[in-house]
K.L.:
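One structure coming up, written as structure tokens, with questions to follow.
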Amino acid sequence: MLGVGFGLVTAAIVALSTVALSLQFSVTRSINFAHGELMTIGAYAGYLVAKHTSDLPLQAIAAMAAGALLAWFLNWGLFRPFARRGGSNLVLFVISVAASLILQNVFQLIFGASYVDYHTSATRAYHVGPFQWTTIDIVIMVVAAAVLLFMHLMIRRTKFGKAQRAVADDILLARTAGVGAERIISLTWVLDGAIAGLAGMFLALQVGSFTSTLGFTYLLVVFSAAIVGGIGKMYGAMLGSLVIGLVMEVSAMYINPSYKETMAFLILVLVLLFRPQGIIPALSEGAVR
Amino acid sequence: MPTWGVSVPPDVLQGEEKPGAPGASSPSSAPTLIVENLTVGYGSAPVVQDVSIRAKPGELTAIVGPNGAGKSTLLKGIAGVLRSTTGSVRIGDDDVTNLVPERIVRRGLSYVPQVANVFPSLSVRENLEMGWYIGHGDGKHRVEEMCEMFPALRDSLHRPARTLSGGQRMMLAFARGLMLKPKVLLLDEPTAGLAPKIVEQVWSHVLEIKASGPAILVVEQNTRRSLRDADWGYVLTNGRNNLEGPGPELLADKDLVRLYIGG
């Protein structure tokens with residue numbers, strides 16, 4: 001049961017990052033391989049602020065702002081210009097791989113190649129039923145749940161959310177209805193970056209120390225969760241994250257924890273073999289769900 | 001398949017805020033849509049060359065012609081989906097040539113494409129709301145009016161649009177296009193791929209919409225059907241204007257029918 005408790009925390013972090021990725025993918029239709037760097041920059045931003053203040057909300061705001069800014073820049077400087085010139089999704093994907101590598105090296109240039117320590121004092125342990133969580137664990141889970149609820153309400157209820165889904169469905173039809181699609185896409189990137197940045201900060205707090213490849217090494221876990229849930233489906237992404245998070249942490253109770261991520265990929269392989277459309281196929285056909 | 005009862009309250013589209021409300025049609029009224037010498041194409045090859053079209057309020061203007069004549073391309077050029085290289089498009093006195101689609105809709109033009117004319121994952125109500133995206137205030141009263149005009153939509157308001165039948169989809173596409181009370185409505189092959197019985201229902205709706213005021217420009221594969229009801233028809237061949245005239249007169253022209261329409 002301890003493993004399940006840790007699994008829920010991991011699932012919360014994975015879910016934040018995966019839902020952000022899924023939203024961005026379904027609205028823009030381009031796979032962003034530099035998604036991990038949005039997490040990394042969030043972690044570094046939280047780490048920098050933590051040097052001056054132990055105030056967690058301030059660190060979180062910095063992480064979200066840094067992620068949002070980088071995501072906006074990726075769209076403005078890379079994805080949009082190439083898409084306007086008719087770059088195919090494959091071209092955009094390759095460009096995002098390049099961006100990922102460049103950003104990792106830039107981080108290394110600024111922060112060095114060695115691990116930086118990033119801790120919080122909120123480590124008091126609580127026993128909740130069969131689970132054992134620290135304060136930060138609980139904060140992570142509550143914040144993740146709140147963000148996911150916010151995303152759900154935004155997508156379903158607000159004019160912006162409906163416009164996002166309309167753009168995801170058919171960008172040209174959305175434009176003929178008067179939707180400024182480029183603005184919607186730009187804002188979607190900003191939202192994606194803010195949430196991914198927050199996830200990166202949470203991940204860094206969880207592991208305690210990190211390098212410039214923090215997000216990159218986690219990217220495959222996030223992709224696994226997205227694909228297990230059915231790529232581009234928001235609610236699928238939540239479920240996929242839960243599955244991946246639980247499998248990773250529960251397996252770590254029984255086998256060497258360094259195989260955690262391997263377990264995530266094992267699930268990915270199994271899902272691709274038996275349910276390539278994701279575990280909630282009833283809600284297929286693209287679009288934000 | 002529910003029956004598409006047509007019941008348009010006479011005032012549905014005659015509201016005060018109607019942009020450029022033309023009122024009841026009078027044959028002599030000035031055209032709302034004026035297309036002059038438009039050239040449109042994909043890449044560098046023009047598909048439509050030097051085409052001029054006029055559409056008057058409260059009238060049905062049909063563009064017919066053989067496959068590949070550039071009918072749909074012309075509509076895309078007018079709606080801003082494709083850029084034109086020469087010529088102009090005006091709505092009344094308003095020059096809208098080569099504005100992007102999201103701007104042209106603000107000038108009072110609605111474009112209903114042939115396929116992909118609804119948002120499949122959005123519910124019917126959300127589709128209608130997207131039709132009101134640039135409208136002021138909430139569009140609830142318009143959703144209600146659309147449900148009166150297309151009664152079958154009312155029972156499906158919460159269903160995703162992808163679950164609708166072909167005829168229902170077209171009704172929804174019409175309703176979405178009418179939400180803002182456009183001055184000009186462009187319909188690209190509204191009856192393509194529909195069963196004959198549904199085709200008649202769609203046409204009766206087109207005529208109802210026409211009676212309510214906007215200038216309708218329709219492109220049709222079904223030449224006879226569209227010319228029969230068209231106040232004015234244009235025959236397009238090889239991307240150029242060929243003939244024009246009142247729909248029924250074009251249909252009476254034996255040579256024309258033999259050459260371009262068949263049978």
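Naming: A, B, ... by sequence-line order, numbering from 1 per chain. Just so it is clear, the values below take in all heavy atoms, side chains as well, and ignore hydrogens, waters and symmetry mates.
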K.L.:
Sort out for me which of B/V81, B/I134, B/L109, B/N117 touches chain A most, counting heavy-atom pairs under 4.5 Å.
P.N.:
B/N117
K.L.:
Less than 6.0 Å separating the ring centroids of A/F79 and A/W189?
P.N.:
yes
K.L.:
Sort B/V112 into side chain, backbone, both or neither according to what part of it lies under 4.5 angstrom from a heavy atom of chain A.
P.N.:
neither
K.L.:
Not counting sequence neighbours, which residues clear salt bridge (charged side-chain N to carboxylate O under 4.0 Å, His left out) with A/K162? List them please.
P.N.:
B/E129
K.L.:
Any idea which of B/L122, B/V100, B/V118 has the most non-hydrogen atom pairs under 4.5 angstrom with chain A?
P.N.:
B/L122
K.L.:
Relative to chain A, which segment of B/I104 carries a heavy atom at a distance below 4.5 Å: side chain, backbone, both, or neither?
P.N.:
neither
K.L.:
Could you tell me which portion of B/R176 (side chain, backbone, both or neither) has an atom closer than 4.5 angstrom to a non-hydrogen atom of chain A?
P.N.:
side chain
K.L.:
Side chain, backbone, both or neither: which part of A/L172 has a non-hydrogen atom closer than 4.5 Å to chain B?
P.N.:
side chain
K.L.:
Is the ring centre of B/H205 less than 6.0 Å from the ring centre of B/F174?
P.N.:
no
K.L.:
Could you check if a side-chain atom of B/E220 sits within less than 4.5 angstrom of a side-chain atom of B/T191, using non-hydrogen atoms only?
P.N.:
yes
K.L.:
Please state whether the side chain, the backbone, both or neither of B/A79 comes within less than 4.5 Å of a heavy atom of chain A.
P.N.:
neither
K.L.:
Which heavy atom of A/L74 sits nearest a heavy atom of A/A34, and at what distance?
P.N.:
CD1-CB, 4.1 Å
K.L.:
Does the separation of the ring centres of A/Y235 and A/H152 fall below 6.0 angstrom?
P.N.:
yes
